[in-house]
4 protein chains.
Amino acid sequence: MTTRKNSTAAPPKAKRATASGSASERRDHLVKLAAEIFARKGFQATTVREIANEAGILSGSLYHHFDSKETIVDEVLSTFLDDLIARYRAALESGGEPRAVLSEMVRIGFGTLEPHRAAITVMQNDWNYLRQFPRFNYLVKAEDDVEQMWVKQIKAGQGAGQFRADVDPKLTYRMIRDTIWVAVRWFRPGGRLNTTGLAEHYITVLFDGLATGERSTQPKA
Amino acid sequence: MTTRKNSTAAPPKAKRATASGSASERRDHLVKLAAEIFARKGFQATTVREIANEAGILSGSLYHHFDSKETIVDEVLSTFLDDLIARYRAALESGGEPRAVLSEMVRIGFGTLEPHRAAITVMQNDWNYLRQFPRFNYLVKAEDDVEQMWVKQIKAGQGAGQFRADVDPKLTYRMIRDTIWVAVRWFRPGGRLNTTGLAEHYITVLFDGLATGERSTQPKA
Amino acid sequence: MTTRKNSTAAPPKAKRATASGSASERRDHLVKLAAEIFARKGFQATTVREIANEAGILSGSLYHHFDSKETIVDEVLSTFLDDLIARYRAALESGGEPRAVLSEMVRIGFGTLEPHRAAITVMQNDWNYLRQFPRFNYLVKAEDDVEQMWVKQIKAGQGAGQFRADVDPKLTYRMIRDTIWVAVRWFRPGGRLNTTGLAEHYITVLFDGLATGERSTQPKA
Amino acid sequence: MTTRKNSTAAPPKAKRATASGSASERRDHLVKLAAEIFARKGFQATTVREIANEAGILSGSLYHHFDSKETIVDEVLSTFLDDLIARYRAALESGGEPRAVLSEMVRIGFGTLEPHRAAITVMQNDWNYLRQFPRFNYLVKAEDDVEQMWVKQIKAGQGAGQFRADVDPKLTYRMIRDTIWVAVRWFRPGGRLNTTGLAEHYITVLFDGLATGERSTQPKA
DNA sequence: AATGAATGAGGCTTCATTCAT
DNA sequence: TATGAATGAAGCCTCATTCAT
């Protein structure tokens with residue numbers, strides 16, 4: 001009735017070693033389990049009972065660790081965003097030329113697809129629902145911060161003559177962002193391309209286009 | 001609240017001939033109302049009571065029109081998909097060269113953003129949840145059909161030397177598709193660009209890329 | 001599973017007559033049932049399931065009539081207070097001399113003991129708990145209104161020389177009020193005294209005191 | 001949070017001799033804390049976690065001191081009742097005349113308002129709920145004992161011609177009792193009157209009545 | 001004595017759906 | 001077609017209590 005998973009395989013001692021661990025390790029483990037289910041079924045369709053079952057405890061016991069179901073998804077999302085923003089900042093601080101920085105940002109984006117697959121999926125699917133709650137206002141803030149980083153680089157690239165001047169920076173950012181994140185819907189590790197391959201593929205098309213030969217439209221700048 | 005007892009008296013046929021004509025009109029109206037709410041709040045977060053309220057009736061009364069909540073969203077999605085596929089087919093049957101056809105398909109895609117905004121939003125946000133029900137299997141089928149149309153054109157374009165040969169057709173399709181549909185999340189009529197402008201903007205970047213000057217990578221074919 | 005009470009005794013037709021009735025009759029009936037249980041067990045110790053069981057329906061069905069458990073107790077209390085204040089106002093508007101009016105108010109107070117026994121009990125026992133919720137602020141308001149009515153009469157009586165001047169009007173009111181309401185804890189219809197008898201007994205002691213012979217302290221006025 | 005492992009090393013006896021002396025002091029402290037919260041929020045609305053928080057420990061740790069939540073409130077109430085009955089007995093044993101003894105009992109009652117405010121509040125508000133549990137039967141017994149003391153004095157007063165004979169002793173007792181205890185709801189130290197003042201105020205009204213001039217009804221005896 | 005994790009029962013509430021009228 | 005009352009299942013959460021450490 002207690003341990004439901006991994007119960008018959010591991011020796012008792014190993015089990016105890018797993019069950020203990022630092023206070024927040026347990027919490028992190030639970031967040032990870034929850035994230036997977038949220039990603040698979042959607043936040044609303046996921047019951048706290050499912051999360052608890054997956055962890056081998058009763059649903060009420062979850063509330064020893066979290067205030068509410070919202071708190072859990074909050075931790076899922078904020079963990080991802082914190083990591084993402086930190087990576088972006090590092091890329092910006094490298095001080096490279098715009099095209100190189102932007103390429104790196106694309107790589108960073110695709111690079112989160114695997115480690116943060118669940119969180120990105122939740123953000124894609126449940127964002128619309130979650131944002132109606134005041135507690136998730138910070139998500140909008142984070143989104144704005146990220147947008148500024150991208151738009152700034154695109155504009156810098158246009159100023160430096162690296163990017164065509166006849167595209168809208170904000171619009172372009174949105175298209176890039178969506179193309180990256182939405183890939184989480186169909187990308188599965190182990191397919192033809194890994195996320196690095198995906199990134200390079202996209203960088204190619206993004207910068208040089210799908211067409212061959214001469215560019216049909218020339219930049220105005 | 002209105003007519004309450006006219007069920008057993010009048011002959012069914014006569015009644016339908018007179019009072020009807022709006023038989024399916026009423027139904028369509030309800031579907032449209034529901035679609036808007038589904039789009040705004042998500043399918044699961046939308047209660048049948050909300051839909052009924054919006055229509056000025058009680059929730060139980062909805063069941064004179066639809067078997068279930070799923071039936072309503074089903075109608076929302078299938079109406080959109082039927083229209084979309086019909087348009088794609090028309091573009092394909094025009095028999096133009098691949099690049100022209102693909103451009104037209106992009107235009108068609110962006111062109112559905114306004115008339116089918118609600119349906120597209122629902123498909124984006126609730127697809128993950130809905131697909132777990134067998135009744136929505138046909139959605140997967142429709143998605144596959146559409147994918148084939150696109151991939152065929154991309155391959156044709158590569159064969160004709162119009163498109164670079166070093167990109168993956170299926171992957172490219174998915175990125176195009178995602179870029180278009182996901183725009184429904186932020187596109188609002190009345191902004192800087194209408195959907196036609198959006199389409200042209202994207203076609204430019206898609207075919208010629210973001211960069212200026214020489215293409216850094218050359219097609220292998 | 002549906003009708004649990006009065007099911008075997010009454011003929012089917014009678015039952016239907018009971019089950020229907022005007023929309024608010026059903027609601028009033030439920031409120032009355034709930035009031036009895038609240039009085040017997042306390043508001044918090046009463047579960048919505050108990051209320052629903054008593055009414056022969058499922059707990060969820062209660063929410064067809066009421067927003068919440070609080071709404072039910074709200075209706076219990078406000079019904080009582082509305083009636084009480086109306087009666088007090090009528091007594092005040094009779095325009096009698098203070099001692100007569102005050103006597104009448106005492107009679108009114110004891111007079112509510114039977115028809116509003118449940119509500120008064122709830123107010124006595126659960127007031128402390130309920131007042132913490134903003135929605136019950138109006139209870140405090142009603143209490144203040146009533147206090148003003150009483151205090152005004154006591155002061156008037158002192159001004160007219162009918163009541164001793166060396167007592168505090170507000171304090172005296174509180175003691176009278178509490179003595180009346182708190183009787184709901186032990187008063188049971190069918191005992192030695194009915195509520196009229198109780199009222200007269202209290203009026204006697206209230207005005208003339210428990211002692212015999214000369215009053216040991218004289219009014220200062 | 002503090003000492004965590006000193007259980008198996010030291011001999012129990014030595015430990016108790018040193019660290020203890022506050023064995024029951026700690027317990028009494030916890031009871032006092034609990035009483036305050038019970039009074040403020042009601043017994044049922046008070047969680048063991050709140051009590052533990054107030055004491056700076058975790059809720060589970062409370063169970064090293066008490067078997068259950070009921071045990072705590074039991075201690076709150078019985079402590080008060082033991083003290084009250086002892087005081088009453090002392091007054092009775094003084095052997096004064098009925099009116100003097102009764103006055104003293106009124107003073108004792110009001111005198112408990114401050115030192116036992118919390119316990120009295122709990123008894124007022126949660127009596128109805130608590131009495132349904134067999135373990136609190138002794139409360140009813142104590143209540144009966146007290147009633148007998150009062151009624152005996154009232155009857156003695158009537159027999160001695162000090163109190164009017166046309167009042168019901170039991171009924172009179174109840175009204176006096178209620179008037180005193182219920183004052184706990186609004187009495188706050190530091191107001192116009194302290195409990196001594198309250199007592200004298202009430203004694204005046206109780207024996208001589210609110211009215212001035214001749215008594216309108218005369219005792220029959 | 002205290003911690004911290006868990007239990008198990010139960011509470012209030014929501015909601016899609018049904019059905020007699 | 002619509003109403004209004006009800007169902008029944010389920011959901012999130014609370015809380016007194018237990019127990020190994």
Side-chain angles (χ1 to χ4, degrees), chain A residues 1-2 16 19-20 23 26-27 44-52 55-70, chain B residues 1-7 15 19 23 26 44 46-52 55-70, chain C residues 1-2 16 19-20 23 26-27 44-52 55-70, chain D residues 1-8 15-16 19-20 23 26 44-52 55-70:
Chain A
M1 188 160 278
T2 51
R16 183 152 294 169
S20 75
R26 178 78 174 129
R27 188 183 163 98
Q44 291 169 89
T46 300
T47 69
V48 293
R49 204 128 52 197
E50 281 171 309
I51 301 171
I57 59 178
L58 292 181
S59 66
S61 304
L62 271 183
Y63 290 80
H64 185 65
H65 302 277
F66 306 97
D67 283 346
S68 67
K69 195 182 162 191
E70 266 82 22
Chain B
M1 189 164 276
T2 54
T3 57
R4 205 157 156 187
K5 280 232 170 160
N6 50 5
S7 54
K15 185 190 147 216
R26 178 85 173 124
Q44 291 169 90
T46 299
T47 67
V48 293
R49 186 138 53 177
E50 282 171 308
I51 301 171
I57 58 178
L58 291 183
S59 65
S61 306
L62 270 182
Y63 288 79
H64 286 287
H65 302 276
F66 307 97
D67 284 347
S68 69
K69 196 181 162 191
E70 269 78 24
Chain C
M1 188 159 280
T2 52
R16 183 153 291 167
S20 73
R26 178 78 174 130
R27 189 181 162 98
Q44 291 169 90
T46 300
T47 68
V48 293
R49 204 128 52 197
E50 283 171 307
I51 301 172
I57 58 178
L58 292 182
S59 67
S61 305
L62 272 182
Y63 289 80
H64 184 65
H65 303 276
F66 307 97
D67 284 346
S68 68
K69 195 181 161 191
E70 267 81 22
Chain D
M1 189 164 280
T2 54
T3 57
R4 201 155 156 191
K5 281 234 171 159
N6 49 8
S7 54
T8 54
K15 187 190 148 215
R16 180 153 296 167
S20 176
R26 178 85 172 123
Q44 290 169 89
T46 300
T47 68
V48 294
R49 185 138 54 178
E50 280 170 310
I51 301 172
I57 58 178
L58 290 182
S59 65
S61 306
L62 270 183
Y63 289 80
H64 286 286
H65 302 277
F66 307 97
D67 284 346
S68 69
K69 195 181 162 190
E70 270 78 24

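Chain identifiers are assigned alphabetically (A, B, ...) following the order of the sequence lines, protein sequences preceding nucleic acid strands; residue numbering begins at 1 within each chain.
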How is [X] classified with respect to the nucleic acid when contacts are heavy atoms under 4.0 Å: base, sugar-phosphate, or nothing?
{"X": "A:Ser59", "value": "base"}
{"X": "C:Ser61", "value": "base"}
{"X": "D:Leu58", "value": "base"}

Nearest to the side chain of [X] - [options]?
{"X": "C:Ile57", "options": "F:dA6, F:dT3, E:dT13", "answer": "F:dA6"}
{"X": "C:Val48", "options": "E:dC12, F:dA16, F:dA2", "answer": "E:dC12"}
{"X": "C:His64", "options": "F:dG4, F:dA16, E:dA16", "answer": "F:dG4"}
{"X": "A:His65", "options": "E:dT13, E:dA5, F:dT17", "answer": "E:dA5"}
{"X": "D:Glu70", "options": "E:dC15, E:dA5, F:dT17", "answer": "F:dT17"}

- prompt: Which residues satisfy the salt bridge (charged side-chain N to carboxylate O under 4.0 Å, His left out) test with B:Arg26, sequence neighbours excluded?
  reply: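 Listed in chain order: nothing, the list is empty.
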
query: Start at the 5' end of DNA chain F and walk down; is the nucleotide closest to D:Ser68 or to C:Gly60 reached first?
result: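 Taking each residue's closest nucleotide, the earlier one in sequence belongs to C:Gly60.
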
Please check the phosphate of [N] (OP1 and OP2 only) for any side-chain N or O of [X] closer than 4.0 Å.
{"X": "C:Arg27", "N": "F:dA5", "value": "no"}
{"X": "A:Arg49", "N": "F:dA10", "value": "no"}
{"X": "A:Tyr63", "N": "F:dC13", "value": "yes"}
{"X": "C:Arg26", "N": "F:dA6", "value": "yes"}

Rounding to an integer number of Å, can you tell me how far [X] [atom1] sits from [N] [atom2]?
{"X": "B:Phe66", "N": "F:dA2", "atom1": "CZ", "atom2": "C1'", "answer": "15 Å"}
{"X": "A:Leu62", "N": "E:dG4", "atom1": "CG", "atom2": "P", "answer": "19 Å"}
{"X": "B:Gln44", "N": "E:dC15", "atom1": "CD", "atom2": "C1'", "answer": "13 Å"}
{"X": "A:Lys69", "N": "F:dG11", "atom1": "NZ", "atom2": "C1'", "answer": "8 Å"}

Difference in axis direction between the ends of the helix from E:dA2-F:dT21 to E:dT21-F:dA2, five pairs, 10°: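 What I find for the helix from E:dA2-F:dT21 to E:dT21-F:dA2 is an axis angle of 20°.
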
Please table the atom pairs, donor to acceptor, closer than 3.5 Å between any side-chain atom in residues 60-69 of chain B and protein atoms at least two apart or in another chain.
unit_1: B:Ser68; atom_1: OG; unit_2: B:Glu70; atom_2: N; d: 3.3
unit_1: B:Ser68; atom_1: OG; unit_2: B:Thr71; atom_2: N; d: 3.2
unit_1: B:Ser68; atom_1: OG; unit_2: B:Thr71; atom_2: OG1; d: 3.2
unit_1: B:Lys69; atom_1: NZ; unit_2: B:Phe43; atom_2: O; d: 3.1
unit_1: B:Lys69; atom_1: NZ; unit_2: B:Thr46; atom_2: O; d: 2.7

field: Non-hydrogen atoms of B:Ser59 and B:Arg49 that approach each other most closely
entry: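 Result for this residue pair: CB-CA, 3.8 Å.
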
field: Residues forming a side chain to side chain donor-acceptor pair (under 3.5 Å) with C:Arg27, sequence neighbours excluded
entry: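 Side chain to side chain donor-acceptor pair (under 3.5 Å) check on C:Arg27 returns C:Glu75.
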
